[in-house]
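Notes to accompany the following structure.
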Amino acid sequence: MSENGTRNGTATAKQIPLGVSHKWPTKRDRLGRETGVDNPEWHDPSLRLEERERLMREARIADLLPDEEDENEGSKDYDGALVRRLAQYLKPYTGRLILSLVFMTVSSILSVAGPAIIGRAIDAGIRANNLEQLRLWTVIFAVAALGEWITNRSRVALMAYVGTRVVTDVRSTLFRHLHSLSLNFFNNYSVGRLMSRLISDVGVLQDFVTWSITGLARAFFLLIGIVGTMLVMNWRLALVAFAVLPLMLILTNYWRKRVRAAYRATRSRLALINGFLNESITGIRVTKSFTRERANYRHFDDLNHSFFDANIAATKLAAIFFPGVDFMGSLATALVVGVGGWLVLGDSLTAGTLVAFILYVDRFFEPIRDLAQRYNTFQATMTASERIFHLLDTQTDLPDRDDAYHLPAIEGEVDFRDVYFGYKADEPVLQGVSIHATPGQRIALVGETGAGKSTIIRLLSRFFDVSDGAVTIDGHDIRDVTQSSLRRQLGIVLQDTFLFNASIRENIRYGKPEATDEEIVAAATAVGADAFIRNLPQGYETSVGENGVNLSVGQRQIVSFARALLADPRILILDEATSSVDTKTEQQIQTALDRLMDGRTSFVIAHRLNTIVNADQIVVLDQGQVVEQGDHLELLNQRGRYYNLYTMQWAAEAGEDA
């Protein structure tokens with residue numbers, strides 16, 4: 001290679017300098033973290049810089065792609081079962097579909113008739129020097145064009161309505177189904193993928209219903225109508241026009257085999273971008289806290305450019321096929337003009353028929369192009385339908401039993417009877433846990449991280465089912481009652497407080513939609529929230545922002561208390577609910593809780609001493625087993641596990657309180 005970057009007289013753009021070797025990461029995980037593995041192939045001096053960067057970029061995100069691409073690996077060009085299921089959503093709109101097909105048929109007939117009308121205008125009017133005939137056929141053509149426009153417009157309007165309604169129905173079905181699934185499903189299914197199903201995949205269905213159902217039929221009608229008309233008008237000239245069809249078949253087959261993989265690659269990368277955008281925006285505070293902006297940008301840049309590369313690959317295929325179809329059309333037109341002109345000169349063909357044939361040849365390739373584009377949409381629809389119905393077919397692993405009954409009003413007696421549980425079959429979390437709580441008792445769950453405290457309240461809420469043993473409330477096994485009737489009698493404040501992007505009033509009312517404004521104020525007052533709420537610029541109408549961003553951590557926690565207490569539950573569950581508030585705020589909450597927990601069975605996970613010492617029963621957990629039970633003084637006198645936890649974690653706090 002010479003100094004100016006040429007080899008054998010041919011310039012190579014942006015060659016990598018010899019001897020240059022950079023350690024480039026080959027992989028990124030879903031958080032954008034990189035590994036530092038090198039690939040010797042990338043240091044090939046003959047490799048262009050753009051190609052080198054592309055290969056490294058694809059390697060960095062390679063591990064992120066299989067989840068999306070494997071889903072589509074078994075997809076078929078046509079899946080009758082999927083089409084039949086999709087047709088069920090079209091069934092309520094059968095009348096509009098039939099009317100749309102009628103409009104489509106009329107518009108197709110009028111479209112096919114257009115060139116023949118022009119041919120008659122030339123032969124019967126212009127060549128025959130007959131002004132009346134020319135006017136007649138001109139008016140007929142204008143009426144046909146107007147009729148085609150009206151019927152086409154009506155068809156599109158009808159199918160736009162049907163498509164939008166189908167999308168509405170599918171999204172509603174998906175949304176309802178997602179709310180029927182257990183928490184375990186959401187622990188294993190990313191938000192980005194769910195959003196892709198609800199927005200992108202359902203949007204593909206809308207495009208298919210709106211444009212492709214009658215569009216495909218119209219293209220077939222036009223193609224058959226044009227071919228039939230050309231054969232009737234002059235079959236010899238029609239065969240001349242069809243001479244390019246073998247080339248067209250070769251080009252179409254080449255394109256069809258490659259376009260599906262190309263568009264699949266773009267969709268999988270778009271799903272990655274959607275998922276990463278969702279996580280990046282949701283976690284923007286964490287990103288800024290750890291100054292991850294530049295790392296996130298680099299990762300997004302890889303995803304974005306990979307999507308760009310996939311789109312370019314798909315565009316290159318389109319750039320081969322569609323101009324190729326245009327070229328075939330021009331070639332067929334040239335053949336028709338040459339042979340048809342020779343026949344006209346020999347008086348074997350009229351000039352009007354030749355013009356009509358030329359127009360038919362031009363229109364002949366329009367439905368072919370349209371069918372090719374519809375093929376893309378149809379393939380995307382098959383893939384999207386498969387994903388959507390796969391999600392709809394996902395059954396909850398925590399269904400109500402067929403004979404489940406409504407849980408009657410409870411007193412609040414809770415029993416954990418020799419309960420065993422594990423999130424995974426080979427990893428037990430609870431082992432033989434037995435707890436008895438009488439109505440109105442306060443049960444404090446104590447233990448080190450991972451001891452099983454949160455798991456106990458998840459089982460009580462029936463977010464998961466026990467592996468063995470039973471959890472009963474007032475003697476009712478919670479597996480025998482409906483989940484809705486169970487949770488309506490529970491008040492739950494989880495460790496991770498979540499507030500909706502609405503007013504404080506609406507967030508408190510979430511636990512009891514029919515609550516009056518007076519009840520909302522009473523609940524807020526009971527937990528000490530009323531004072532700070534009234535000091536806000538808009539009081540109870542103040543918007544909390546996305547996930548309560550406009551409130552402090554402590555304020556969000558207190559609002560969640562009011563939301564839970566407004567429901568007036570018989571059993572109150574507090575999962576480290578005071579862990580995020582300061583001592584003064586907690587004292588306010590504790591005073592309210594002492595009053596409001598009176599008469600309610602309460603399960604409390606807390607790190608603060610005063611929450612624990614006031615409990616009627618303290619349950620000490622270690623590695624999923626109950627190792628001690630009793631009240632504060634009883635457990636201190638035993639000088640066991642609780643005594644050690646107390647002296648290590650709470651003794652200093654007790655001294656400060658004293």
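Numbers here are sequence positions counted from 1.
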[Y] and [X] side chains, donor-acceptor separation under 3.5 Å:
X: Tyr93; Y: Asp169; answer: yes
X: Asp123; Y: Thr350; answer: yes
X: Ser108; Y: Ser111; answer: no
X: Thr214; Y: Arg155; answer: yes

Is it the case that the side chain of [X] and the backbone of [Y] share a donor-acceptor pair, with hydrogens and angles ignored and the cut-off at 3.5 Å?
X: His305; Y: Asp301; value: yes
X: Gln395; Y: Leu181; value: no
X: Ser180; Y: His177; value: yes
X: His179; Y: Phe175; value: yes
X: Thr94; Y: Lys91; value: yes
X: Thr210; Y: Gln206; value: yes
X: Ser330; Y: Asp326; value: yes
X: Arg258; Y: Tyr254; value: yes

Closest non-hydrogen atom pair, [X] against [Y]:
X: Leu354; Y: Gly341; answer: CD2-N, 3.9 Å
X: Met159; Y: Ser100; answer: CG-OG, 3.2 Å
X: Thr381; Y: Leu205; answer: CG2-CD2, 3.8 Å
X: Val202; Y: Arg197; answer: CG2-O, 3.2 Å
X: Ala144; Y: Leu110; answer: O-CD1, 3.7 Å
X: Gly147; Y: Thr151; answer: O-OG1, 2.8 Å

Please verify the inter-ring angle class for [X] with [Y]; under 30° counts as parallel, over 60° as perpendicular, anything in between as tilted.
X: Phe300; Y: Phe276; value: parallel
X: Phe322; Y: Trp255; value: perpendicular
X: Phe498; Y: Phe500; value: perpendicular

For the [atom1] atom of [X] and the [atom2] atom of [Y], what is their distance to the nearest 0.5 Å?
X: His299; Y: Asn304; atom1: NE2; atom2: CG; value: 11.5 Å
X: Leu231; Y: Arg236; atom1: CG; atom2: CZ; value: 12.5 Å
X: Phe357; Y: Thr229; atom1: CZ; atom2: OG1; value: 9.5 Å
X: Ser306; Y: Leu272; atom1: OG; atom2: CG; value: 8.0 Å
X: Phe365; Y: Ile368; atom1: CZ; atom2: CD1; value: 5.5 Å
X: Leu131; Y: Leu136; atom1: CG; atom2: CG; value: 11.0 Å

Within the 4.5 Å heavy-atom criterion, are [X] and [Y] side-chain neighbours or not?
X: Met233; Y: Tyr360; value: yes
X: Trp235; Y: Met230; value: no
X: Val162; Y: Leu158; value: no
X: Phe103; Y: Ile98; value: no
X: Leu86; Y: Phe208; value: yes
X: Ser543; Y: Asn501; value: yes
X: Gln483; Y: Leu398; value: yes
X: Phe185; Y: Thr396; value: no

Does [X] have more than 12 heavy atoms from other residues, nucleotides or ligands lying within 6.0 Å of its [atom1]?
X: Asn253; atom1: CG; result: yes
X: Tyr510; atom1: OH; result: no
X: Phe186; atom1: CZ; result: yes

Query raised in the report: What's the verdict on salt bridge (charged side-chain N to carboxylate O under 4.0 Å, His left out) for Arg218 and Glu366, showing C-alpha distance, side-chain angles and the deciding distance?
Result: CA-CA 11 Å; Arg218 185 173 188 272; Glu366 283 184 10; over 6 Å; no

Report summary line: The ring pair (Phe, Tyr, Trp, His ring centres under 6.0 Å) partners of Tyr89 (sequence neighbours excluded) come to none

Query raised in the report: Is the closest basic N to carboxylate O distance between Arg269 and Asp309 below 4.0 Å?
Result: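 Looking at Arg269 and Asp309, the cut-off is not met.
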
Query raised in the report: Below 4.0 angstrom, N of the basic side chain to O of the carboxylate: do Arg85 and Asp393 qualify?
Result: yes

Query raised in the report: Going through the distances and angles, do Leu222 and Arg363 end up as a side chain to side chain contact (heavy atoms under 4.5 Å, CB included)?
Result: CA-CA 9 Å; Leu222 285 176; Arg363 295 195 179 191; over 6 Å; no

Requested in this report: Begin from the C-alpha positions of Phe242 and Leu245 and carry the test side chain to side chain contact (heavy atoms under 4.5 Å, CB included) through to its verdict.
Outcome: CA-CA 5 Å; Phe242 300 155; Leu245 287 182; 3.8 Å; yes

Query raised in the report: side chain to side chain contact (heavy atoms under 4.5 Å, CB included) between Leu198 and Leu178: does it pass, once the steps are laid out?
Result: CA-CA 10 Å; Leu198 284 163; Leu178 287 175; 3.9 Å; yes

Query raised in the report: Going through the distances and angles, do Leu251 and Ile320 end up as a side chain to side chain contact (heavy atoms under 4.5 Å, CB included)?
Result: CA-CA 9 Å; Leu251 178 63; Ile320 293 173; 4.1 Å; yes

